[in-house]
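Read the structure below first, then the notes.
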Amino acid sequence: MSVATYHVPNISCGHCVHTIETELGEVAGVRRVEVDQMQKRVEVEFDAPLTDERIRQALAEIDYAAD
């Protein structure tokens, strides 16, 4: 199991939080998604073979690209 934290600058409301948690939660290998709206931070707990690159790609696909 791995944990990765991402800064996502365009998190602005509860809808953003819900969208990220829902969409990333459906990615195979994701165990947990925690979004901090104030800090604009997304923490993802995941299992291999899921990779950091794939998580970043999934975020970008839903218009919440990590910087």
Side-chain angles (χ1 to χ4, degrees):
M1 178 183 65
S2 299
V3 177
T5 303
Y6 306 94
H7 180 255
V8 180
N10 62 341
I11 295 173
S12 60
C13 65
H15 180 264
C16 298
V17 171
H18 176 74
T19 299
I20 293 168
E21 289 176 342
T22 301
E23 295 295 324
L24 280 186
E26 293 176 359
V27 174
V30 170
R31 290 177 150 233
R32 180 181 61 83
V33 178
E34 185 175 314
V35 181
D36 184 323
Q37 179 181 336
M38 298 303 289
Q39 298 294 319
K40 299 184 183 295
R41 186 177 63 224
V42 177
E43 185 176 279
V44 182
E45 185 176 298
F46 62 98
D47 292 322
L50 185 59
T51 63
D52 174 73
E53 181 179 325
R54 176 63 187 111
I55 293 169
R56 287 179 180 277
Q57 180 184 14
L59 283 166
E61 287 171 2
I62 58 171
D63 295 323
Y64 291 100
D67 60 9

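- With sequence neighbours left out, the side-chain hydrogen bond (donor to acceptor under 3.5 Å, both in side chains) criterion links Gln37 to no other residue.
- Annotation for Pro9 and Ala65: closest pair CD-O, 3.7 Å, computed over non-hydrogen atoms.
- Heavy-atom minimum distance, Ala4 versus Asp52: CB-OD1, 4.3 Å.
- The side-chain heavy atoms of Gln57 and Glu61, taken from C-beta on, include a pair separated by under 4.5 Å.
- Remark: His18 NE2 is loosely packed, at most 12 non-hydrogen atoms of other residues, nucleotides or ligands lying under 6.0 Å away.
- Nearest heavy atoms, His7 versus Gln39: CD2-O, 3.8 Å.
- Through side-chain heavy atoms spaced under 4.5 Å, either directly or across other Ile, Leu, Val, Met, Phe, Trp or Tyr residues, Ile62 is tied to Tyr6, Val8, Ile11, Val17, Ile20, Leu24, Val27, Val30, Val33, Val35, Val42, Val44, Phe46, Leu50, Ile55, Leu59, Tyr64.
- Residues satisfying the side-chain hydrogen bond (donor to acceptor under 3.5 Å, both in side chains) test with Glu34, not counting sequence neighbours, are Arg32.
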